[in-house]
Structures are given as structure tokens and as C-alpha cells.
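To keep things clear, I will list the structure first and then write my remarks on it.
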Amino acid sequence: MQTTPHLNYIAGEWTSGTSVALNINPSDTRDIVGEYVRADAQQAQAAIDAAFDAQRAWAGRTAEQRSDALDRIGAEILARSDELGRLLSREQGKTLAEGIGEVMRAGRVFKFFAAEALRLGGEKLPSIRPGVEVEVTREPEGVVGIIAPWNFPIAIPAWKIAPALAYGNAVVFKPADLVPGSAWALSEIIVRAGQLPPGTFNLVMGAGSKVGQALANSPKVRALSFTGSTGTGRSVGLACMERGAKVQLEMGGKNPLVVLDDADLDLAVNVALQGSFYSSGQRCTASSRLIVQQGIHDRFVAALAERMAALQVGHALEAGTDIGPVVSQDQLDQDRFYIDLAQQEGGRLLAGGELLQRATPGYYLSPALITETHNAMRVNREEIFGPVATVIRVKEYEEALATANDTPFGLSSGICTTSLKHATDFKRHSTAGMVMVNVATAGVDYHAPFGGRKASSYGAREQGSYAREFYTATKTSYIQA
């Protein structure tokens with residue numbers, strides 16, 4: 001059956017690209033979700049130029065007008081959550097419940113920033129000089145480039161695009177090449193429901209080496225928000241810093257979950273199961289290192305393996321599926337590489353790690369639990385980004401804390417304990433940007449700041465009121481009365 005390719009949106013017009021890519025369902029590789037055009041660097045620059053020309057008109061809209069636009073966008077996303085959630089799960093492989101939940105989060109994000117657009121304030125300070133007044137205000141940065149990942153194809157674009165528009169910036173949005181469907185649907189809602197001036201919002205699908213590079217290098221892009229791999233993020237960051245542009249990077253994680261002897265066993269197992277394996281482990285905040293005190297180690301591992309065996313891995317849209325496929329053949333190959341490597345390094349594959357056959361051809365992998373590991377192994381140093389968790393046995397709390405912090409990353413960390421003393425100490429001394437106590441490391445609220453430390457993040461925090469730090473510039477004005 002002949003289908004019409006989904007187009008880019010540049011300068012207020014739906015625009016063809018230089019090539020077309022297929023969007024393939026990882027739950028059934030025979031199923032083509034759609035055809036999506038891909039742009040080249042020249043088209044990316046045209047989008048940047050359009051955003052540059054349109055930004056002042058959008059910034060000139062009143063805060064109420066911008067708020068109303070974002071509120072309309074959020075309302076439509078929420079009204080269509082079932083439809084959009086099904087599309088998301090079909091193209092990315094999350095379960096339908098997860099897909100719908102992510103869409104609802106995206107809608108709530110737009111609603112949140114619709115309100116934030118009305119709350120942006122300033123300060124009036126007394127000067128040390130008589131007759132002089134000091135005002136501190138916030139202004140839009142100008143053109144904001146947005147490069148989003150494939151693991152949250154609507155929520156992460158939403159939490160970048162919504163604040164950018166709320167604070168008066170123009171946007172050039174490059175979604176992940178692997179999953180363009182949800183991004184395209186979101187973009188169509190933004191340009192139609194938002195009623196934005198032409199050029200205010202631009203969708204440019206295509207390769208990072210072309211579209212992403214154009215965003216990183218263009219002097220007209222004054223701020224760039226990136227979520228993706230550590231290596232690519234560093235390249236983007238260097239390109240932006242060389243020309244003096246603001247940059248925000250959210251990259252990898254190797255997140256620890258500490259389980260102490262005094263933990264509630266059932267709670268700890270549930271926290272680990274949710275944090276390590278749901279969404280097929282394809283979350284930068286996933287609990288990939290389980291650091292378990294020796295007194296509870298054997299009981300915890302046995303209970304977790306038992307719970308893992310009961311998980312249903314299958315088609316993302318089928319009822320009863322707990323975990324869908326991984327997103328692509330490349331990701332499946334990467335997961336299997338690290339499972340094999342862990343065993344070569346001396347780890348024991350206690351559960352899972354097997355290719356699975358289902359009624360439809362897809363990238364199905366049973367969640368893997370690897371025990372008898374130590375923190376110097378590559379599998380405990382490098383991000384796997386799949387349903388793979390390792391277990392590290394430790395003697396006491398101090399060793400657990402030191403092991404948790406012994407990583408180049410610092411996005412999310414967690415601890416399961418009934419000890420207020422250890423929970424308080426862990427919150428204070430964990431070198432992660434986000435700390436969870438008796439809560440899964442993967443799972444955050446849309447109104448709270450998101451971000452990490454060390455190699456996980458660079459720049460201002462995302463989400464919540466903290467987003468204004470990245471999407472606005474601070475101006476100090478002195479006035480002689």
C-alpha cells in the first residue's frame with residue numbers, strides 16, 4: 001500500500017526532505033508505522049533562519065497569549081492520549097500503559113508551562129548609589145535548538161519545547177531519527193493548536209550528522225538542549241562552547257540502587273524490578289547497578305530472580321505485556337554484547353538474557369540479572385541502556401556508599417533502607433543529581449528539576465520552574481532617576 005511521507009515543518013510550511021526513512025515497529029518488524037522525510041544541512045539552516053526571523057514576533061506576544069497557546073496544545077495532547085500512546089508504543093516498544101502515561105505527562109508539561117509563562121518575574125534592587133534604580137529581568141535567549149532522544153519520544157521533546165516557547169524563544173526541533181512518529185504528531189499539534197507565527201516552531205527530521213551539526217554550529221542558535229549519548233553530547237557541547245552559545249546536556253547514567261540489610265525485602269525487590277527492567281531498561285535513570293549488603297544479598301537476589309521470571313515480555317500493544325521489545329536491532333546487539341562481556345569478566349548470568357520468540361518478529365530479550373560482579377568491570381562502568389542489571393555484594397553501608405559514588409556518571413541514585421540515619425546520610429553524600437529513598441531510580445515528576453552531575457549532565461536543570469535558567473537570559477538594568 002502506498003503511503004504519503006510525513007513532512008518536515010519549516011518556516012510555516014510542511015516541506016519535503018532529501019530522502020525518506022521507514023519507521024519500523026520493534027514489536028513486529030513487518031509493520032511499517034509510517035514514512036518520514038529526512039532533511040539535509042541546508043534545510044536545517046533554512047529552519048534556523050526562519051526561527052531567527054520569527055522569534056521577536058513571538059516574544060512580542062503577551063505572556064497571556066503564550067500561555068493560552070501552550071494550554072491549547074496541552075489540552076489536545078491529553079484529549080488524544082489513548083491514540084498518541086498507541087502510536088508511541090507501536091514505534092518505540094513501550095507497553096501501551098507506559099505509552100499512554102508518557103503522552104499524558106507531555107500534556108501536563110505543556111499545561112505546567114502555560115502557567116509558568118504568566119509567572120516569570122524580575123527583581124528591583126536598591127542601588128549603592130543615590131538616585132539610581134536597579135532592575136533584574138529575564139529575556140528569551142532567541143533561537144533554541146532541541147535534539148531529543150528515542151527513549152521518551154514525546155515527553156522529553158515536550159519538556160524542552162514547552163519552556164522554550166513559554167519564555168518567548170523560537171524553536172528548531174530535531175527528533176530522534178529512530179522514532180519520528182510521536183515527534184511528528186506532537187509537532188502537528190503544536191503548529192495547529194498553538195497558532196504560532198510562522199517560523200516560531202520548526203520540525204527538522206534527519207541525521208544528527210547533518211541536522212544536529214547544523215544546530216550546534218549555527219551562530220543564530222543561541223541555546224541548544226540535547227539529550228542523548230555521552231559521546232555525542234560532548235561533541236555538541238564543545239561546538240556550542242566554541243562559539244559562546246548556551247548548552248544543556250543530558251547524557252548517560254550508571255545508576256546505583258543500594259539495598260541494605262534492614263530494607264523491607266518486598267519493597268526493595270519491587271523498587272529494583274521497576275527501576276532496572278521496566279521500559280526495557282531503556283531509561284537514563286534505570287537502576288543498572290544493584291549494590292546489596294551481604295546480610296540480605298542471597299534473599300534479595302533469589303526474590304528478584306523469581307519476580308523477573310514472572311514478567312511477561314511481548315508485543316507492546318498486547319494486554320498482559322509487562323515489558324516490550326528493545327527499540328532496534330542495534331540496541332539488541334549492544335545488550336547481548338554486554339551480557340556476554342559480563343560473563344567473560346567473571347559475572348554469573350543468574351536469570352534472563354535470552355532472545356525470545358513471539359508470535360510476531362521483534363527485538364525481544366528477557367531481562368538479565370548478573371551476579372558476582374565488582375565495580376571495576378566494564379559492565380559496571382559503561383552504560384548498557386537495556387534490561388540488564390548487575391549485582392555487587394558489599395559488607396557495610398560505608399562500602400555501599402563508596403561503590404555507588406565510584407562512577408563517572410551521576411544522574412540518579414537510590415537506597416532501600418528502614419534506617420533514617422542511613423537514608424539521611426545517603427541523601428547528603430550521594431554524588432548524583434537525584435536521590436531516591438525506597439523509590440525506584442527511574443521515575444520523576446514533571447514539575448521538579450531533572451538533571452545529574454559529573455558525566456551525566458552539563459548546564460542548567462530541566463523541568464519545573466528551574467527550566468527558566470536555561471531558556472532565559474538575565475539582564476541587569478541601571479536607571480538614573
Side-chain angles (χ1 to χ4, degrees), residues 48 51-71 109-146 159-172 196-197 199-200 216 218-226 237-250 428 433-434 445-454 457-481:
I48 293 168
F52 184 82
D53 293 339
Q55 188 269 324
R56 290 188 67 182
W58 175 243
R61 295 276 182 96
T62 66
E64 185 175 61
Q65 288 172 321
R66 293 197 302 274
S67 175
D68 288 346
L70 268 64
D71 189 68
V109 165
F110 272 93
K111 289 276 192 176
F112 177 87
F113 283 105
E116 286 295 285
L118 297 169
R119 294 193 185 105
L120 187 65
E123 293 181 275
K124 194 166 186 178
L125 303 176
S127 174
I128 60 172
R129 292 169 288 178
V132 175
E133 296 180 349
V134 183
E135 292 180 351
V136 182
T137 54
R138 290 184 177 273
E139 298 180 350
E141 285 288 349
V143 176
V144 174
I146 290 171
W159 84 46
K160 295 177 185 291
I161 295 168
L165 294 176
Y167 299 131
N169 300 283
V171 170
V172 180
L196 311 177
T200 302
S218 175
K220 291 183 177 179
V221 177
R222 297 311 311 151
L224 196 154
S225 181
F226 168 90
L238 288 171
C240 290
M241 285 183 276
E242 281 180 353
R243 59 182 183 82
K246 185 184 285 188
V247 65
Q248 177 184 63
L249 306 175
E250 289 297 340
R428 182 177 298 125
M434 298 178 290
D445 294 347
Y446 62 80
H447 68 300
F450 178 95
R453 297 163 66 176
K454 299 188 281 188
S457 302
Y458 181 88
R461 288 290 190 260
E462 298 197 86
Q463 298 201 116
S465 60
Y466 284 76
R468 69 179 180 269
E469 298 296 331
F470 179 73
Y471 292 100
T472 64
T474 302
K475 177 177 284 184
T476 305
S477 300
Y478 295 85
I479 306 167
Q480 175 71 56

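Because the structure is a prediction, the values reported are computed rather than measured.
- By the neighbour-count criterion of 12 heavy atoms within 6.0 Å, atom CZ of F112 is densely surrounded, having more than that number from other residues, nucleotides or ligands.
- Distance CG/L118 to CZ/R66: 9.0 Å, rounded to 0.5 Å.
- Side chain of D71 to backbone of K111: no donor-acceptor contact under 3.5 angstrom is found.
- Scanning both residues, Q55 and G168, for their nearest heavy atoms gives NE2-O, 2.8 Å.
- Annotation: the span from L125 atom CG to Y478 atom OH amounts to 8.5 Å, rounded to 0.5 Å.
- Remark: E64 engages no residue in a salt bridge (charged side-chain N to carboxylate O under 4.0 Å, His left out) (not counting sequence neighbours).
- Once rounded to the nearest 0.5 Å, the distance linking CD of Q463 with NE2 of H447 reads 10.0 Å.
- Listed by chain and number, the residues in a side chain to side chain donor-acceptor pair (under 3.5 Å) with T472 are R138 (sequence neighbours excluded).
- Contacts of A166 classified as side-chain contact (heavy atoms from CB on, under 4.5 Å), with partners at least two apart in sequence or in another chain: L70, F113, A117.
- For R119, the salt bridge (charged side-chain N to carboxylate O under 4.0 Å, His left out) criterion is met by E116, not counting sequence neighbours.
- Across every non-hydrogen atom of A170 and A51, the tightest pair is CB-O, 3.4 Å.
- Rounded to the nearest 0.5 Å, atoms CD1 (I48) and CG (D53) are 12.0 Å apart.
- When the shell of 6.0 Å around CZ of R56 is examined, it contains 12 or fewer heavy atoms from other residues, nucleotides or ligands.
- Put simply, the side chain of R453 never gets that close to the backbone of M434: no donor and acceptor are under 3.5 Å apart.
- Contact between L120 and R468 at its shortest, heavy atoms only, is CD1-CD, 4.2 Å.
- Legend: residues meeting side-chain contact (heavy atoms from CB on, under 4.5 Å) with E250, ordered by chain and number and at least two apart, are T227, L411, F450, S457, E462.
- Going from atom CZ of R61 over to atom CG of L196 covers 7.5 Å, rounded to the nearest 0.5 Å.
- The two residues C240 and V247 make their nearest non-hydrogen contact at CB-CB, 3.9 Å.
- Between Y471 and Q248 there is a side-chain heavy-atom pair separated by less than 4.5 Å.
- Taking each heavy atom of F470 and A223 in turn, the nearest pair found is CZ-CB, 3.7 Å.
- Here the side chain of Q65 pairs a donor or acceptor atom with the backbone of T62 at under 3.5 angstrom.
- Residues passing the side chain to side chain donor-acceptor pair (under 3.5 Å) test with E139, sequence neighbours excluded: K475.
- Note: I146 CD1 to I161 CD1 = 5.0 Å, rounded to the nearest 0.5 Å.
- Not one N or O on the side chain of R243 forms a donor-acceptor pair closer than 3.5 Å with the backbone of R222.
- Closest of all the heavy-atom pairs between G237 and L249 is CA-CD1, 4.1 Å.
- The shortest distance between side-chain heavy atoms of E141 and Y167 does not fall below 4.5 Å.
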For this session: Could you walk me through whether K124 and E133 pass salt bridge (charged side-chain N to carboxylate O under 4.0 Å, His left out), step by step?
Result: CA-CA 8 Å; K124 194 166 186 178; E133 296 180 349; 3.5 Å; yes
